[in-house]
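Each remark here refers to the structure printed beneath this line.
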Amino acid sequence: MRNLKVISLIFILSLVCNACFEIREKVTINKDGMGSYQMIMDFSASKKMFQMMLDLANTKEGDAVGLDENPLIGLDSAFITLSEELNLIKGISNAIGITDEANFLFGVELDFEDVEALNKALSKLDRGNENTDPEAYYIFDKKRRFEKTNQFNLQNLTNEMVPREDADSSEEMRAQLQELYDDVTYTVIIETEDRKIRDFSNEEAILSEDKKTLTFSKTLKELKEYDVDLGNLIRLR
């Protein structure tokens with residue numbers, strides 16, 4: 001993922017504003033194996049932080065902390081560029097960068113013809129290359145089974161956020177950044193449009209009342225430090 005140094009700055013300003021955010025994925029699957037995918041970095045709970053960033057931009061104070069332009073531009077351009085690259089993958093269409101500055105939502109969404117194409121797109125998102133043996137993040141077969149494997153497809157993105165040691169940061173600052181990183185929530189939503197979910201294997205997932213949506217949520221700390229099982233074998237009606 002390119003041009004995400006802005007995330008480090010967001011973390012630093014988050015300490016001042018006690019801000020938080022969520023990384024949210026949604027996969028919608030149809031009975032023919034086609035569907036849509038959306039990944040959003042949701043900063044909507046951090047409006048105060050973003051307003052502070054916008055106010056600092058192009059000021060002497062902003063220059064002093066490396067904020068010499070609108071910080072949202074970095075997120076906008078990163079996801080717009082990514083969407084253009086995703087549209088070049090066979091089986092992927094309608095990929096667009098989500099750059100909702102009014103509601104502080106940033107990410108990408110796309111349509112896929114089959115799960116193989118989706119896996120290539122997620123490999124591009126995760127590793128920057130869809131051509132070399134893409135991971136099987138999702139599996140779909142004709143027996144009404146759809147599986148989210150235990151592969152985490154946002155490793156590259158979340159690694160960009162990990163606090164790193166540098167000469168200008170104190171131990172206290174690094175500890176605060178690490179705490180903020182640990183509290184980021186990762187949520188994956190699996191949704192069906194033309195079938196209902198009969199059963200699923202991951203007991204920590206939550207099934208909606210209409211039996212069409214599964215939600216699974218963990219913090220980045222839990223994903224990193226504990227043996228969290230992201231896998232979920234879903235059987236459809």
Side-chain angles (χ1 to χ4, degrees), residues 1 21-42 86 89 91-92 107-162 181-237:
M1 191 69 192
F21 68 91
E22 177 183 30
I23 300 173
R24 186 167 60 250
E25 289 189 287
K26 183 169 76 170
V27 178
T28 302
I29 188 75
N30 301 322
K31 62 183 179 182
D32 57 6
M34 299 176 67
S36 62
Y37 170 84
Q38 183 186 78
M39 190 281 290
I40 287 181
M41 300 178 70
D42 185 349
L86 292 173
I89 299 174
I92 298 298
V108 66
E109 63 183 16
L110 55 86
D111 295 329
F112 57 88
E113 291 185 2
D114 51 42
V115 169
E116 287 73 21
L118 172 62
N119 286 333
K120 288 183 179 180
L122 297 184
S123 289
K124 181 73 174 180
L125 177 63
D126 184 21
R127 301 187 300 180
N129 191 334
E130 79 280 3
N131 294 318
T132 56
D133 301 322
E135 297 283 357
Y137 301 106
Y138 289 92
I139 300 171
F140 177 82
D141 64 30
K142 302 296 183 180
K143 298 180 180 179
R144 299 183 179 181
R145 292 181 298 192
F146 181 60
E147 181 178 0
K148 167 72 177 79
T149 70
N150 198 31
Q151 295 290 332
F152 182 44
N153 55 284
L154 294 179
Q155 193 68 57
N156 185 37
L157 176 65
T158 55
N159 281 345
E160 290 285 343
M161 304 179 194
V162 177
Y181 168 84
D182 289 343
D183 287 341
V184 173
T185 302
Y186 166 70
T187 299
V188 58
I189 301 167
I190 297 175
E191 178 181 80
T192 65
E193 287 191 342
D194 46 15
R195 289 181 176 177
K196 291 188 177 182
I197 296 170
R198 185 175 70 185
D199 56 54
F200 53 97
S201 63
N202 194 317
E203 296 180 354
E204 295 192 72
I206 299 173
L207 182 62
S208 63
E209 290 186 9
D210 65 3
K211 300 186 184 301
K212 287 189 173 184
T213 305
L214 276 173
T215 304
F216 180 89
S217 188
K218 291 290 181 180
T219 65
L220 293 187
K221 180 177 182 178
E222 290 173 313
L223 293 183
K224 181 181 178 181
E225 297 186 4
Y226 305 106
D227 189 20
V228 173
D229 184 8
L230 296 173
N232 204 350
L233 177 58
I234 302 163
R235 298 182 188 275
L236 307 173
R237 297 185 185 277

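Sequence positions, counted from 1, serve as the residue numbers for this chain.
- Put simply, the side chain of Thr187 never gets that close to the backbone of Ser217: no donor and acceptor are under 3.5 Å apart.
- For Phe200, there are no ring pair (Phe, Tyr, Trp, His ring centres under 6.0 Å) partners two or more places apart in sequence or in a different chain.
- Pairs engaging residues 202-213 under the salt bridge (charged side-chain N to carboxylate O under 4.0 Å, His left out) rule: Glu204-Lys218 [sequence neighbours left out].
- When all heavy atoms of Ala136 and Gln151 are compared, the closest pair comes out as O-CG, 4.3 Å.
- The CD atom of Gln38 lies 7.0 Å from the CZ atom of Arg24; values are rounded to the nearest 0.5 Å.
- Here Asp111 pairs with Asn94 under the side chain to side chain donor-acceptor pair (under 3.5 Å) rule; sequence neighbours left out.
- With sequence neighbours excluded, the residues that form a side chain to side chain donor-acceptor pair (under 3.5 Å) with Thr28 are Glu191.
- Taking each heavy atom of Gly231 and Ser201 in turn, the nearest pair found is O-OG, 4.4 Å.
- Looking at Glu25 and Asn153, their side chains do bring a donor and an acceptor atom within 3.5 Å of each other.
- A donor-acceptor pair under 3.5 Å is absent between the side-chain atoms of Asp42 and the main chain of Glu22, judged by distance alone.
- Residue Val115 forms a side chain to side chain contact (heavy atoms under 4.5 Å, CB included) with just one option from Ile139, Val27, Ile29, and that option is Ile29.
- The CD atom of Glu116 sits 13.5 Å away from atom CD1 of Ile89, with the distance rounded to the nearest 0.5 Å.
- Put simply, CZ on Arg144 and OG1 on Thr192 are 12.0 Å apart, with the number rounded to the nearest 0.5 Å.
- The line from CG of Leu110 to CG of Leu122 is 7.5 Å long, rounded to the nearest 0.5 Å.
- Thr149 meets the side chain to side chain donor-acceptor pair (under 3.5 Å) test with no other residue; sequence neighbours excluded.
- For the pair Ala121 and Leu86, the tightest heavy-atom approach, listed with the atom from each and the gap, is O-CD2, 3.7 Å.
- Taken to the nearest 0.5 Å, the CD1 atom of Ile92 stands 10.5 Å off from the OH atom of Tyr37.
- Looking at Phe216 and Leu230, their side chains come closer than 4.5 Å, going by heavy atoms from C-beta outward.
- The side chain to side chain contact (heavy atoms under 4.5 Å, CB included) test with Phe146 singles out one residue from Ile190, Ile197, Asp141, and that residue is Ile190.
- Two residues are said to be in side-chain contact when any heavy atoms from C-beta on lie closer than 4.5 Å; Val188 and Tyr186 meet this criterion.
- Remark: Tyr138 engages no residue in a side chain to side chain donor-acceptor pair (under 3.5 Å) (not counting sequence neighbours).
- For Asp32, the side chain to side chain contact (heavy atoms under 4.5 Å, CB included) partners at least two apart in sequence or on another chain are Asn30, Met34.
- The side chain to side chain contact (heavy atoms under 4.5 Å, CB included) test applied to Arg198 returns Arg235, Arg237, not counting sequence neighbours.
- A side chain to side chain contact (heavy atoms under 4.5 Å, CB included) with Leu207 is found for one member of Leu214, Ile234, Thr215 and no other, namely Leu214.
- Annotation: salt bridge (charged side-chain N to carboxylate O under 4.0 Å, His left out) contacts of Arg195 (sequence neighbours excluded): none.
- A donor-acceptor pair is defined here as one N or O able to donate and one able to accept, closer than 3.5 Å; such a pair exists between the side chain of Asn202 and the backbone of Asp229.
- To the nearest 0.5 Å, atom CG of residue Asn232 and atom CG of residue Asn150 are 10.5 Å apart.
- Every residue was checked against the ring pair (Phe, Tyr, Trp, His ring centres under 6.0 Å) condition with Phe140, not counting sequence neighbours, and none meets it.
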